[in-house]
Trainee: 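Once you've had a glance at the structure underneath, I'll fire off some questions.
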Amino acid sequence: MSGDEKAAAAPRSLAEALRQRDDASLAALLRARPDLVTPVPTDLTQLATRAGTRASVVRALERLDRFALQTAEALAVAGDPASYRELLGLMAGDDGDPEVAAALPRALGALRERALVWGEDDRLRLVRTARELLAPSPQHPSPTGLGPTVQEATAGMSPGRIQEIVAAAGLPSTHDSVSAVASLTALFTDRERMSALLADVPADSLEVLDRLVWGPPYGQVTADPAPRLRLLLDRGLLLPTAPGTVVLPREVALHLRAGRAHHAPEPVPPAVTASATHTARVVDMTAAGQAYTALATVEELLKDWDEGGPNVLRAGGLSVRDLKRTAVALDVPEPVAAFWVELAYAAGLLASDGEVDERYAATPAYDEWRELPPADRWARLAQAWLTATRTPGVVGDRDAKDRTLSALGPGLDRSAAPEVRHRVLALLASLPEGAAPDAESVLARLRWERPLRGPQRTGDHDLRTRLARWTLSEAELLGVTGRGALSAHGRALLGAGAGATAAGPAPDADSGAGAGARTGTASGTDAGRHVPDGRPGAGPGDKLPVHKHHPHHPTAEPPHAPAPALAPLSPAEQATATAAAARLLTPLLPEPLDHVLLQADLTAVAPGPLRRPLADMLGVLANVESKGGATVYRFTPASVRRALDAGRSAADLHAFLTEHSRTPVPQPLAYLIDDVARKHGHLRVGAASAYVRCDDDALLNEILADKRSAGLGLRRLAPTVLAAQADPGALLEGLRAMGYAPAAESAAGDVVIARADSHRTPPRTAPEPVPDGPPAPDTPLLSAAIRAIRAGDLAATAPRRPAAADPAADGEPPRTSAAETLATVQAAVLTGEALWIGYVNADGAASQRVIAPIRVEGGFVTAYDHTADEVRTYPLHRITGVAELAEEAAADPS
């Protein structure tokens with residue numbers, strides 16, 4: 001191809017560049033930037049317009065790794081257009097850098113794929129919006145530290161002053177300011193002449209330039225500058241931008257930097273290093289122990305709230321006092337208590353009951369969860385944690401209105417949380433089995449992968465850093481990791497097989513592929529399936545062509561590209577991975593026991609986890625005194641009375657203990673049960689306001705004489721009946737506090753049995769995660785969207801057959817009379833030609849389509865619609881006009 005032909009074939013706009021892409025490349029773009037496909041663009045021109053909007057470009061830039069972002073920043077300070085050679089010089093400098101040169105094709109490929117850069121290597125163009133965002137300005141300094149060009153800095157300068165600078169720099173005067181600025185720019189960009197110019201500059205003046213060279217490039221001067229500054233101003237090495245302010249021109253700074261746009265390019269991601277190494281068995285057993293503790297903690301939390309938990313604040317959530325009480329009950333710090341509460345909520349085990357006096361309680365799903373095997377219960381918690389956007393770590397922070405964020409309350413969702421959790425665990429999976437990572441190396445890697453996400457600051461650290469730290473601690477609490485290293489069941493939870501690594505950058509949360517996709521491309525921003533040329537695109541069954549080879553957009557990953565990374569799982573894949581994790585965890589968990597050891601000091605020792613019926617009954621009959629490798633339960637009069645209130649008799653309790661104790665039932669325990677049972681129910685409390693009745697009037701006299709009963713407002717109604725001003729519940733509690741064992745009775749006079757699991761919320765669903773932007777499109781949606789975009793673009797750009805008076809010559813939908821429309825369509829049925837039509841649907845929306853008419857009858861035309869890729873029927877009266885396509889377009893409308 002000649003130079004003229006090559007220039008003619010070069011795209012002149014982003015829309016033209018997109019038209020030159022194949023379907024696989026368009027699919028990769030829509031995966032990487034899913035906001036572009038919501039809704040589906042009508043044609044490629046609209047796709048290009050949407051890809052250049054500020055919101056979409058900002059979102060795309062936020063998902064670039066550090067080196068890809070540095071490449072975009074270099075293009076923003078380069079000429080427009082820039083050549084690949086110029087870009088390489090800005091990134092590697094005059095002396096060159098092998099690592100930068102090796103990594104630059106990958107970074108440029110990521111920018112091209114995301115439609116942030118378009119054009120051939122000799123005419124690279126950064127999209128205008130990205131250039132505006134990244135180019136240096138006084139209000140928004142560039143991360144490169146570079147200032148404006150000579151042309152920009154001298155835009156408001158008088159022609160006379162420009163000529164003075166040109167003369168002081170040793171250049172011949174010109175006839176106009178434009179040529180003078182061009183002459184000065186040529187001097188500053190010529191390495192040899194610039195070196196000669198600086199050779200005559202005194203050292204103290206060079207020191208001023210050295211302070212500005214890496215930015216910020218602006219400095220303050222007085223009305224009467226010092227001689228060393230005056231010399232720089234006279235020669236144009238510093239240029240005034242405002243009264244008292246000077247700037248180092250970009251061309252001068254690049255010469256002093258030896259051509260580098262960045263002080264420290266980072267082409268290679270920082271490695272994740274290990275701080276300690278353990279055997280795989282130690283890690284797995286430690287993680288399994290933590291997993292069992294997690295199950296016990298969640299059960300203890302919800303068992304404590306079985307009768308109805310804390311009240312819901314008016315604004316939602318737990319009060320600070322209730323969170324402290326929960327932390328004391330669980331024997332954990334408050335932040336950890338907030339984690340367990342939020343985890344139970346995310347798993348759908350906990351919710352508010354919706355009553356007038358709204359309280360938190362377990363949901364019906366909790367009862368179903370408790371019946372699952374231990375490993376399956378853990379897997380449900382782990383999956384809920386991995387995908388939840390609610391972030392317990394921010395509990396106690398302040399929101400935008402300076403209100404304290406409370407556990408279970410609003411404002412805890414952080415949409416980046418699932419991506420960060422998955423990425424941190426994937427980085428742990430990249431280490432050898434049993435290796436615990438150095439936390440700072442993990443954080444450094446995350447900052448390299450998403451540098452623009454850092455400025456979202458909350459407190460002393462950026463949000464992603466805080467999320468990563470919380471992920472490391474929460475994974476240990478939950479048993480996903482053990483001693484800091486990822487366990488085998490934790491690795492399975494990610495969908496990683498044995499020995500799978502994830503050393504590459506994070507796949508984009510917005511660019512997940514369809515089912516079966518497990519890796520992302522080297523750029524850290526190109527998640528998706530791998531097609532044979534190494535680029536993300538369609539899977540084997542997508543029927544999409546592969547990318548064309550490009551000299552600086554290689555079909556294989558360059559040697560310095562990071563390794564592919566584990567991609568987030570689809571819901572179906574996550575369910576499969578969760579089941580696999582449960583299978584790996586099952587043999588590591590202790591087998592539940594069916595016995596305890598009763599002791600003479602009114603305690604029982606459980607040497608391990610207990611089976612469900614035994615644990616439930618023992619939890620009612622006794623109080624937990626201590627936990628650990630063995631759990632110690634203590635029997636008290638109150639705990640025995642609690643079992644009797646639940647409907648058990650003394651004989652039932654004796655039989656239960658005899659059946660499940662490996663030691664004889666101690667005599668003190670038997671006496672305690674019989675003594676409490678003998679008194680239980682002797683007093684009866686019911687609702688009048690409230691009353692107490694007892695066949696023993698002497699006992700009622702004793703209660704009336706007790707000073708502690710004064711607050712209950714008791715008075716005698718009959719020899720065996722006392723009335724109270726307190727409600728029945730308060731009366732029961734008051735009498736029990738006085739040492740009695742009253743029983744509640746119903747209106748019919750029957751004893752009311754209070755069961756421990758009596759209070760449940762109505763059926764509740766787990767909270768839905770808050771997505772971080774539009775959902776990633778799956779493969780069927782991508783295929784359909786690309787077909788629609790291609791067909792719409794064909795309708796918008798297809799050439800029409802020239803006519804004496806072409807109604808479509810201006811590119812607008814054609815306008816023809818009804819008779820002309822009918823005649824043209826009937827002729828197309830006979831010839832099999834495709835037509836370009838204007839159409840108005842029932843809602844009044846106008847569109848243009850390319851159709852191949854099949855038949856015309858009854859006022860309708862049946863045709864194959866290339867826009868929709870299907871056969872459709874259109875009323876003739878809704879067709880506003882019709883035009884024949886040119887022969888070349890009609891021959892191949894697809």
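No experiment lies behind these values; they were computed from the predicted model shown.
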Trainee: Quick one: CG on L781 to CZ on R31, what's the gap to the nearest 0.5 Å?
Mentor: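 The distance works out to 10.5 Å.
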Trainee: What are the two closest heavy atoms between H175 and S179, and how far apart are they?
Mentor: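 Here H175 and S179 meet closest at N-OG, 4.2 Å.
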Trainee: Under 4.5 Å between any side-chain heavy atoms of F67 and M91, yes or no?
Mentor: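 They are in contact (side-chain heavy atoms under 4.5 Å apart), so the answer is yes.
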Trainee: Heavy atoms, side chains only, cut-off 4.5 Å: are L47 and R33 in contact?
Mentor: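 The answer is no, as the side chains (C-beta and beyond) never meet within the 4.5 Å cut-off.
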Trainee: Without hydrogens or angle criteria, can the side chains of Q70 and R66 be said to hold a donor-acceptor pair below 3.5 Å?
Mentor: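 No, no side-chain donor-acceptor contact under 3.5 Å.
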Trainee: Work out which heavy atom in Y218 is nearest to a heavy atom in S137; give both atom names and the distance.
Mentor: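 Shortest heavy-atom separation between Y218 and S137 comes out as OH-C, 4.1 Å.
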Trainee: Taking R257 for the side chain and A261 for the main chain, is one N or O donor matched with an acceptor at less than 3.5 Å?
Mentor: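 It does hold such a pair.
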Trainee: Is there a side-chain contact between V40 and I789 in this structure, where contact means two heavy atoms from C-beta onward sitting under 4.5 Å apart?
Mentor: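 With C-beta onward as the side chain, the pair touches.
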Trainee: For D97 versus R260, what's the shortest heavy-atom pair and its separation?
Mentor: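 Result for this residue pair: OD2-NH2, 3.7 Å.
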Trainee: Side chain of N841, backbone of D843: donor and acceptor closer than 3.5 Å?
Mentor: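 Judged by distance alone, yes, a pair lies under 3.5 Å.
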Trainee: Heavy-atom distance under 4.5 Å between the side chains of L29 and L18, does that happen here?
Mentor: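 Sidechains of L18 and L29: in contact.
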Trainee: Between the main-chain N or O of E152 and the side-chain N or O of T149, is there a donor-acceptor pair closer than 3.5 Å?
Mentor: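 Side chain of T149 to backbone of E152, a donor-acceptor pair under 3.5 Å: yes, one is there.
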Trainee: How far apart are the C-alpha atoms of L124 and L111, what are their side-chain angles, what is the distance that settles it, and do they pass the side-chain contact (heavy atoms from CB on, under 4.5 Å) test?
Mentor: CA-CA 11 Å; L124 295 173; L111 297 175; over 6 Å; no
Trainee: If I take atom CD from residue E449 and atom CD from residue E419, how far apart are they, to the nearest 0.5 angstrom?
Mentor: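 Between E449 CD and E419 CD, I get 9.0 Å after rounding to 0.5 Å.
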Trainee: Answer yes or no: is there a side-chain heavy-atom contact under 4.5 Å between V840 and T880?
Mentor: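 V840 vs T880: side chains touch.
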Trainee: Considering non-hydrogen atoms only, spot the tightest contact between G147 and V247 and give its length.
Mentor: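 Taking every non-hydrogen atom into account, CA-CG2, 4.5 Å.
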Trainee: Any sub-3.5 Å donor-acceptor pair from E86's side-chain atoms to A82's backbone N or O?
Mentor: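 Such a contact is absent between E86 side chain and A82 backbone.
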Trainee: So R790 and D23, salt bridge (charged side-chain N to carboxylate O under 4.0 Å, His left out) or not? Walk me through it.
Mentor: CA-CA 9 Å; R790 293 281 194 204; D23 287 355; 3.0 Å; yes
Trainee: Give the C-alpha distance, both sets of side-chain angles, the deciding distance and a yes or no for side-chain contact (heavy atoms from CB on, under 4.5 Å) between V57 and E132.
Mentor: CA-CA 11 Å; V57 170; E132 292 172 355; over 6 Å; no
Trainee: For Q151, look at atom CD and say whether over 12 heavy atoms of other residues, nucleotides or ligands are found less than 6.0 Å away.
Mentor: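 Not buried by this count: 12 neighbours or fewer within 6.0 Å.
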Trainee: Any donor-acceptor pair under 3.5 Å linking the side chain of T189 with the backbone of A186?
Mentor: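 Pair found, side chain donor or acceptor close to backbone of A186.
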Trainee: Are any of the side-chain heavy atoms of E62 and R450 separated by less than 4.5 Å?
Mentor: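 Counting from C-beta outward, E62 and R450 never come under 4.5 Å.
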Trainee: Counting only heavy atoms from other residues, nucleotides and ligands, does the tally under 6.0 Å from CZ of R191 exceed 12?
Mentor: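 Yes, because the 6.0 Å sphere around CZ of R191 holds more than 12 heavy atoms from other groups.
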Trainee: In chain order, what residues pass the salt bridge (Lys or Arg N to Asp or Glu O under 4.0 Å) check against R54, with sequence neighbours excluded?
Mentor: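 R54: no salt bridge (Lys or Arg N to Asp or Glu O under 4.0 Å) contacts found.
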Trainee: So does L75 get a backbone contact from the side chain of R131, meaning a donor-acceptor N/O pair under 3.5 Å?
Mentor: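 Pair found, side chain donor or acceptor close to backbone of L75.
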Trainee: Within this structure, what is the CG-CD1 distance for the pair L26 and I786, rounded to the nearest 0.5 Å?
Mentor: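 Going from the CG atom of L26 to the CD1 atom of I786 covers 5.5 Å.
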Trainee: When you check the side-chain N and O atoms of S56 and R50, is any donor under 3.5 Å from an acceptor?
Mentor: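 No.
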Trainee: Under a plain distance cut-off of 3.5 Å, with no hydrogens placed, do T45 and R19 share a side-chain donor-acceptor pair?
Mentor: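 On atom types as modelled, these side chains qualify, holding a pair under 3.5 Å.
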Trainee: Would you check if W118 and P81 make a side-chain contact, meaning some heavy-atom pair closer than 4.5 Å?
Mentor: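 Contact flag for W118/P81 side chains = no.
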Trainee: Apply side-chain contact (heavy atoms from CB on, under 4.5 Å) to T71 and V117, showing your working.
Mentor: CA-CA 10 Å; T71 303; V117 169; over 6 Å; no
Trainee: Quick check for you: to the nearest 0.5 Å, what is the distance between S83 atom OG and D121 atom CG?
Mentor: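 Result: 9.0 Å between the selected atoms.
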Trainee: Determine whether I851 and Y839 make a side-chain contact, defined as any pair of heavy atoms from C-beta on separated by less than 4.5 Å.
Mentor: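 The answer is no, as the side chains (C-beta and beyond) never meet within the 4.5 Å cut-off.
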Trainee: Looking at every non-hydrogen atom in both residues, tell me the closest pair between L835 and P853 and how far apart they are.
Mentor: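 L835 and P853 have their closest heavy atoms at CD1-CG, 3.8 Å.
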Trainee: Roughly how far, to the nearest 0.5 Å, is the CZ atom of R872 from the OH atom of Y864?
Mentor: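 Nearest 0.5 Å value for the OH-CZ distance: 11.0 Å.
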Trainee: Nearest 0.5 angstrom please: R878 CZ to I837 CD1, how far?
Mentor: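 One gets 12.5 Å once the value is rounded to the nearest 0.5 Å.
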Trainee: Looking only at heavy atoms, what is the nearest atom pair of L134 and A76, with distance?
Mentor: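 Looking at all heavy atoms of both residues, the closest pair is CB-CB, 3.7 Å.
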